[in-house]
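Lettering of chains follows the sequences in order, A, B, ..., and the numbering in each one begins at 1.
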Amino acid sequence: MSTDKKVRVRFAPSPTGGLHLGGVRTVLYNYLFAKKYGGDFVVRIEDTDQTRFVPGAEEYIFECLKWCGLYPDESVVNGGEYRPYRQSERKERYKLYVEELVAEGHAYYAFDTPEQLEEMRNKNRTDENPSPQYDYKVRMQMRNSLTLSGEEVHRLIRSNTPYVIRIKMPQNETVSFTDMIRGEVSFDTSLVDDKVLLKADGMPTYHLAVVVDDHEMKISHAFRGEEWLPSAPVHVLLWKYLFGLDAMPQWAHFPLILGPSGKLSKRDGAKYGFPVFAMNWTDPKTGELTEGFKEKGFLPEAFINLLALLGWNDGTEQEIYSLSELVEKFSMDRVHSAGAKFDYEKAKWFNHEWIKKLNTGYLLPKVKVVLAAKNIEVDDDAKLSTVIDLVKDRCTLLTDFDEQAAYFFKEPKIMELHAIQPKWNETKTAFFKEWASVLFSKDFADPHQMEEQFKELAASMQLKPGEVMMPFRIMLVGGKFGPHVFDIAHLLGKGETVKRINEVLKMLEPA
RNA sequence: GCCGCGUUGGUCAAGGGGUUAAGACGCAUCCCUUUCACGGAUGAAUCACGGGUUCGAUUCCCGUACGCGGUACCA
């Protein structure tokens with residue numbers, strides 16, 4: 001296996017829908033590995049199944065990568081030496097290689113119709129063997145170039161009879177390879193079926209395409225999810241037949257990301273109320289919208305961070321990493337081999353940490369977007385900055401800035417009068433009338449001075465500060481939350497503060 | 001069914017023949033705070049099971065159980 005080649009890795013998505021958490025983590029680990037070793041990160045579009053083409057899915061994938069800050073070095077959008085990077089545009093190349101396999105006896109033509117395949121499966125299906133394979137046991141009973149005469153095969157091909165090309169799996173051989181995460185993995189070839197390599201429409205299957213393209217694109221390390229492990233022997237054999245095992249990339253199969261019950265799915269997201277896709281995805285056929293991490297209020301920094309730690313850690317207690325730190329610290333031998341269950345609570349914690357960590361100027365435009373979505377247009381950036389500093393500790397998701405910051409710009413939407421009404425009395429009314437006029441006539445240099453004055457006034461009316469502090473908060477904020485009430489009042493300015501006091505006073509008047 | 005990969009608290013996980021088996025999330029209690037958070041402290045909670053090997057297994061080996069993945073002209 002090659003170890004001295006330039007590091008080149010690829011992420012090879014199939015553009016059939018939203019980009020899943022696990023997909024992004026695969027991108028991330030590829031990216032981290034490539035960057036750590038000064039290599040290239042290639043994105044190749046695996047669109048060999050034309051029946052599953054979904055308009056917009058390819059563009060969507062690149063938007064997600066952009067949001068995550070994981071830029072490819074080569075891809076359909078930014079080109080590269082090994083283009084085209086879309087397999088549908090590489091169709092002719094695969095045929096050459098597969099013909100070579102046939103010529104060498106490693107593959108064969110198969111003319112079986114779907115009905116015939118179904119018949120074979122029905123015939124062989126038993127309780128013991130619920131999924132009969134097209135393998136060495138049955139291939140000599142099927143309609144293929146192994147059982148038909150050469151003449152007949154030529155006749156069928158000339159008459160445009162649909163056919164596929166299948167790999168001829170050897171019998172009783174052990175195929176093994178070293179997985180960077182799992183160590184040596186081996187398979188008995190007798191138990192692997194004769195996988196289709198070239199489909200009837202002339203397109204390659206994944207098995208052929210991945211090997212041919214990894215070779216042509218000089219991929220040095222091939223990383224993918226664990227779901228691919230069972231078909232690895234097919235790929236290893238193809239490498240052996242076509243390009244030699246010495247040229248084969250090093251493999252690593254990443255552990256799966258699990259949901260609350262088994263493999264994480266789009267359904268889990270809907271069911272348990274957390275995103276599964278990186279960004280919002282609308283199925284063009286059904287119009288169904290699946291929420292993404294971005295729109296849910298996640299920062300890309302947090303998203304990357306939490307994904308990195310889902311299956312990898314550097315052995316220290318550190319949990320918060322920037323992308324560049326990840327590039328520096330990442331190593332494949334510290335990637336787990338066991339699947340990891342996705343924990344949304346922990347995911348939110350990561351986002352909270354990043355909101356607290358990131359500077360206000362960086363957060364500002366993102367907060368603006370959140371507020372604008374709630375029809376709050378902010379033109380005073382200085383004020384927004386102050387607000388962000390005041391409330392960021394209280395925001396887990398970016399969308400929390402709506403509740404936490406909106407009342408600085410608009411009167412509270414909901415007014416929790418019930419929190420103060422029961423204990424309301426005339427003394428308090430008198431206090432706030434007086435307090436409003438004090439505020440109106442004086443200018444406080446800072447929140448602290450205002451607080452002193454507030455307490456003085458309360459004392460002079462035989463009120464404990466605590467008795468009027470919460471009412472004051474409710475008047476300004478609408479609820480029992482937020483930063484220090486005098487910080488809020490000071491930032492709101494006396495005009496707005498007095499206005500809100502008076503409005504609530506009016507609401508509290510006995511009818 | 002068969003094949004493959006796994007199995008340390010509820011979750012993410014460190015550790016790897018002898019440890020009081022780290023840490024984080026979440027949860028609980030307390031402190032701070034006349035709100036809510038932040039922060040700080042404390043606590044409950046873990047080596048799937050059975051055999052070996054060994055003076056000694058959570059750690060190594062073998063089984064079993066369980067989980068997940070695969071078993072398509074899908075990737």
- Message: Considering every strand and a 4.0 Å limit on heavy-atom distances, what is the contact class for A:Pro483: base, sugar-phosphate, or nothing?
- Response: base
- Rounded distance in Å - CG (A:Leu256) to C1' (B:rC68): 7 Å
- Message: Using the P atom as the point on both nucleotides, what is the distance between B:rU64 and B:rC5, in whole Å?
- Response: 15 Å
- Query: Can you tell me how far C1' in B:rU7 sits from the matching atom in B:rA48, rounded to whole Å?
  - Reply: 7 Å
- Would you say the side chain of A:Lys346 and the base of B:rA24 hold a donor-acceptor pair, judged only by whether the two atoms sit under 3.5 Å apart? yes
- Item | side-chain hydrogen bond (donor to acceptor under 3.5 Å, both in side chains): pairs with one or both residues in residues 454-465 of chain A, sequence neighbours excluded | A:Glu451-A:Lys455
- Using the C1' atom in both, what is the distance from B:rG10 to B:rA28, to the nearest Å? 14 Å
- Among B:rG4, B:rC74, B:rA72, the one nearest any side-chain atom of A:Phe187 is B:rG4
- Item | Pairwise salt bridge (charged side-chain N to carboxylate O under 4.0 Å, His left out) hits with a residue in residues 301-320 of chain A, at least two apart | A:Glu319-A:Lys346
- Query: Taking NZ from A:Lys392 and P from B:rG39, how many angstroms apart are they, rounded to a whole number?
  - Reply: 13 Å
- Kindly say if A:His336 contacts the phosphate of B:rA14, meaning a side-chain N or O under 4.0 Å from OP1 or OP2. yes
- So what does A:Thr16 touch, heavy atoms closer than 4.0 Å: a base, only the sugar-phosphate, or nothing? nothing
- Could you give the CD-to-C1' distance, from A:Glu467 to B:rU35, as a whole number of Å? 16 Å
- In A:Asn172, A:Asp135, A:Thr174, the residue satisfying side-chain hydrogen bond (donor to acceptor under 3.5 Å, both in side chains) with A:Ser190 is A:Asn172
- Message: Is there a side-chain contact between A:Ser231 and the phosphate of B:rU71, meaning an N or O under 4.0 Å from OP1 or OP2?
- Response: no
- Hey, does A:Ala338 reach any base, or is it just sugar-phosphate, or nothing, if we go heavy atoms under 4.0 Å? sugar-phosphate
- Touch check for A:Gly225, heavy atoms < 4.0 angstrom, all strands: base, sugar-phosphate only, or nothing? nothing
- Message: What contact category does A:Glu128 fall into here, base, sugar-phosphate, or nothing, at under 4.0 angstrom with non-hydrogen atoms?
- Response: base
- Query: Given atom CD of A:Glu416 and atom P of B:rC36, what is their separation to the nearest angstrom?
  - Reply: 12 Å
- Determine: side-chain N/O of A:Lys195 to OP1/OP2 of B:rC74, distance under 4.0 Å, yes or no. no
- Query: How would RNA chain B look in dot-bracket form, 5' to 3', counting Watson-Crick and G-U wobble pairs with both distances under 3.5 Å and writing | for bases paired to another strand?
  - Reply: (((((((..(((.....[....))).(((((.......)))))....(((((..]....))))))))))))....
- Can you tell me, in whole Å, how much space there is between the C1' of B:rU71 and that of B:rA75? 15 Å
- Message: Please report the distance separating the C1' of B:rU8 from the corresponding atom of B:rG23, rounded so that it comes out in whole Å.
- Response: 13 Å
- Task: Assign A:Arg334 to base, sugar-phosphate, or nothing according to its heavy-atom contacts below 4.0 angstrom with the strands shown.
- Result: sugar-phosphate
- On RNA chain B, check which nucleotide each of A:Asp188 and A:Cys395 is closest to and give me the residue with the more 5' one. A:Asp188
- Note on the structure: Winner on side-chain proximity to A:Asp343, out of B:rC73, B:rA75, B:rC25, is B:rC25
- Item | Separation between the P atoms of B:rU35 and B:rU20, rounded to whole Å | 43 Å
- Query: Does the side chain of A:Lys341 get closer than 4.0 angstrom to OP1 or OP2 of B:rC68 through an N or O atom?
  - Reply: no
- Residues in side chain to side chain contact (heavy atoms under 4.5 Å, CB included) contact with A:Lys168, at least two apart in sequence or another chain: A:Tyr108, A:Arg139, A:Leu146
- Just call it for A:Lys480: base, sugar-phosphate, or nothing, with non-hydrogen atoms closer than 4.0 Å on any strand. base
- Task: Mind checking A:Asp112 for me? I need base, sugar-phosphate or nothing, with any heavy atom below 4.0 Å counting as a touch.
- Result: base
- Message: Tell me whether the rings of A:Phe472 and A:Phe432 are parallel (<30°), tilted (30 to 60°) or perpendicular (>60°).
- Response: tilted
- How many Å lie between CZ on A:Arg125 and C1' on B:rU71, as a whole number? 12 Å
- Nearest-angstrom distance, C1' atom, B:rU58 to B:rG16: 8 Å
- Task: Would you please classify the geometry between the A:Tyr344 ring and the A:Phe342 ring as parallel, tilted or perpendicular, with 30° and 60° separating the classes?
- Result: tilted
- Calculate the interatomic distance between A:Lys263 atom NZ and B:rC74 atom P; express it in whole Å. 17 Å
- Item | side chain to side chain contact (heavy atoms under 4.5 Å, CB included) against A:Ala419, all qualifying residues, sequence neighbours excluded | A:Ile474, A:Lys480
- Query: Looking across every strand, which nucleic acid part, if any, lies under 4.0 Å from A:Arg182 by heavy atom: base, sugar-phosphate, or nothing?
  - Reply: sugar-phosphate
- Item | Those residues that, when tested against A:Asp201, pass side chain to side chain donor-acceptor pair (under 3.5 Å) (two or more places apart) | none
- Query: Roughly, in whole Å, what's the span from NZ in A:Lys464 to P in B:rU35?
  - Reply: 14 Å
- Query: For the base of B:rC36, is there a side-chain donor-acceptor partner from A:Arg394 under 3.5 Å away?
  - Reply: yes
- Gap between atoms CZ and C1', on A:Phe342 and B:rG26 respectively (whole Å): 14 Å
- Item | Within 45° cone of A:Phe254 ring axis and under 6.0 Å: A:Arg224 NZ or CZ | no
- Query: Which part of the nucleic acid does A:His484 contact within heavy-atom distance under 4.0 Å: base, sugar-phosphate only, or nothing?
  - Reply: base
- Please measure how far the P atom in B:rG39 lies from the corresponding atom in B:rG26, and state the result in whole Å. 10 Å
- Item | Short side-chain N/O contact to B:rG39 OP1/OP2 from A:Lys356, under 4.0 Å | yes
- When syn is taken as a glycosidic angle within 90 degrees of 0, is B:rC38 syn or anti? syn
- Using only heavy-atom distances, determine whether the side chains of A:Tyr97 and A:Glu216 contain a donor-acceptor pair under 3.5 Å. yes
- Just checking A:Asn129: base, sugar-phosphate only, or nothing, at a heavy-atom cut-off of under 4.0 Å? base
- Task: Could you tell me whether A:Met469 contacts a base, only the sugar-phosphate backbone, or nothing, with contacts defined as non-hydrogen atoms closer than 4.0 Å?
- Result: base
- Task: For A:Phe350, report the nucleic acid contact type (base, sugar-phosphate, nothing); a contact means any heavy atom under 4.0 Å.
- Result: nothing
- Message: Students often get this wrong, so: under 4.0 angstrom with heavy atoms, is A:Val185 touching a base, only sugar-phosphate, or nothing?
- Response: sugar-phosphate
- Message: Heavy atoms from C-beta onward define the side chain here; which of B:rG6, B:rC38, B:rC12 lies closest to that of A:Ala340?
- Response: B:rC12
- Message: Below the 4.0 Å mark, does B:rA14 have OP1 or OP2 next to a side-chain nitrogen or oxygen of A:Asn313?
- Response: yes
- Do you know which of A:His221, A:His235, A:Arg44 makes side-chain hydrogen bond (donor to acceptor under 3.5 Å, both in side chains) with A:Asp214? A:Arg44
